[in-house]
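Have a look at the structure below, then the notes.
Below, all heavy atoms of this structure are taken into account, side chains as well, without hydrogens, waters or symmetry copies.
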Amino acid sequence: MFIIAEGVVSVQAKLENGKVLEVASLGAGNFFGEMALLTGAIRTADIIALTATRLIEITREDFEPLLKEHPEIFQLVDKVSHSRMTDTETQKILSQLPPEQVKDPWYKVYMKKIQHFFMELIKRPV
């Protein structure tokens, strides 16, 4: 896991079509690589330095004693990880929608789809 001491990084996820989507930019005080540290999972995004950046690396050996002393840290990191995963998946979905749908709140998008579905049903001969 890395904590950003100085600088700004871009978090980029690869889409199924091979394109790259920036899902976040992180600055000083933020961290990344927590999923690999906590679960051993492979990374799901690339981190690209946008400015001169100084990082602090935290290894599993560093982290384990800290978690034993302060178990609430795990809950915080876990909460951030889940939020990031949800945000990333949402951004991936949004990136595949037509621009006019992205501008609408989600409920309007789904309402339009439902309305379209029922309008098509009404038009079908019985």
Side-chain angles (χ1 to χ4, degrees):
M1 180 170 118
F2 296 91
I3 298 173
I4 303 168
E6 294 176 10
V8 178
V9 301
S10 172
V11 181
Q12 300 179 355
K14 191 171 272 188
L15 301 174
E16 289 179 18
N17 63 10
K19 292 184 179 179
V20 175
L21 175 68
E22 181 180 62
V23 294
S25 62
L26 305 174
N30 284 287
F31 57 88
F32 60 90
E34 69 282 356
M35 287 304 292
L37 178 74
L38 297 175
T39 67
I42 61 168
R43 62 187 170 86
T44 57
D46 292 325
I47 307 297
I48 310 296
L50 298 177
T51 65
T53 303
R54 193 168 54 96
L55 303 173
I56 300 167
E57 181 179 12
I58 298 179
T59 65
R60 184 175 293 250
E61 293 78 25
D62 297 329
F63 205 58
E64 285 177 357
L66 187 61
L67 285 180
K68 286 180 183 172
E69 248 182 80
H70 302 281
E72 67 275 8
I73 292 174
F74 175 80
Q75 293 172 341
L76 173 66
V77 172
D78 187 53
K79 183 178 179 180
V80 170
S81 293
H82 285 314
S83 175
R84 286 179 177 174
M85 284 190 297
T86 302
D87 289 348
T88 297
E89 290 308 311
T90 300
Q91 288 186 51
K92 285 180 177 181
I93 291 167
L94 286 173
S95 74
Q96 296 173 14
L97 293 175
E100 64 273 6
Q101 286 184 348
V102 175
K103 292 177 186 174
D104 287 340
W106 274 100
Y107 72 91
K108 286 185 178 180
V109 172
Y110 285 117
M111 287 304 295
K112 285 180 184 177
K113 288 181 180 184
I114 291 168
Q115 288 170 343
H116 178 73
F117 174 77
F118 283 111
M119 292 302 290
E120 291 300 313
L121 279 179
I122 293 170
K123 291 179 187 177
R124 290 184 189 166
V126 180

Is the closest side-chain heavy-atom distance between [X] and [Y] below 4.5 Å?
{"X": "Asp87", "Y": "Val23", "value": "no"}
{"X": "Val77", "Y": "Phe63", "value": "yes"}
{"X": "Lys92", "Y": "Leu15", "value": "yes"}
{"X": "Ile4", "Y": "Val9", "value": "yes"}

| query | Heavy-atom count around Glu72 CD within 6.0 Å, excluding the residue itself: above 12? | reply |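 Yes - once you tally the heavy atoms of other residues, nucleotides and ligands closer than 6.0 Å, there are more than 12.
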
Are [X] and [Y] grouped together when hydrophobic residues (ILVMFWY) are joined by side-chain heavy atoms under 4.5 angstrom apart?
{"X": "Val80", "Y": "Phe2", "answer": "no"}
{"X": "Leu26", "Y": "Leu21", "answer": "yes"}
{"X": "Ile58", "Y": "Leu67", "answer": "yes"}

| query | Are Leu55 and Ile3 close enough, and set up right, to give a side chain to side chain contact (heavy atoms under 4.5 Å, CB included), and what steps lead you there? | reply | CA-CA 6 Å; Leu55 303 173; Ile3 298 173; over 6 Å; no

For residues 27-44, run the donor-acceptor check on the side chains, cut-off 3.5 Å, and write out each pair with its distance to 0.1 Å, sequence neighbours left out.
{"residue": "Asn30", "atom": "ND2", "partner": "Gly27", "partner atom": "O", "Å": "3.1"}
{"residue": "Glu34", "atom": "OE1", "partner": "Arg84", "partner atom": "NH1", "Å": "3.1"}
{"residue": "Glu34", "atom": "OE2", "partner": "Ser81", "partner atom": "OG", "Å": "3.1"}
{"residue": "Glu34", "atom": "OE2", "partner": "Arg84", "partner atom": "NH1", "Å": "3.4"}
{"residue": "Thr39", "atom": "OG1", "partner": "Met35", "partner atom": "O", "Å": "2.6"}
{"residue": "Thr39", "atom": "OG1", "partner": "Ala41", "partner atom": "N", "Å": "3.1"}
{"residue": "Arg43", "atom": "NH1", "partner": "Asp46", "partner atom": "OD1", "Å": "2.1"}

| task | Begin from the C-alpha positions of Ile73 and Leu66 and carry the test side chain to side chain contact (heavy atoms under 4.5 Å, CB included) through to its verdict. | result | CA-CA 8 Å; Ile73 292 174; Leu66 187 61; 3.7 Å; yes

| query | Asp62: what forms a salt bridge (charged side-chain N to carboxylate O under 4.0 Å, His left out) with it, not counting sequence neighbours? | reply | none

| query | In chain order, what residues pass the salt bridge (charged side-chain N to carboxylate O under 4.0 Å, His left out) check against Lys14, with sequence neighbours excluded? | reply |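 Residues passing salt bridge (charged side-chain N to carboxylate O under 4.0 Å, His left out) with Lys14: none at all.
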
| said: Testing the basics here: between Gly7 and Thr51, what is the closest heavy-atom pair and its distance to 0.1 Å? | reply: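 That would be CA-OG1, 3.2 Å.
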
| task | For residues Gln12 and Ser10, report the shortest heavy-atom separation together with the two atoms involved. | result |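 Heavy-atom minimum between the residues: NE2-OG, 3.2 Å.
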
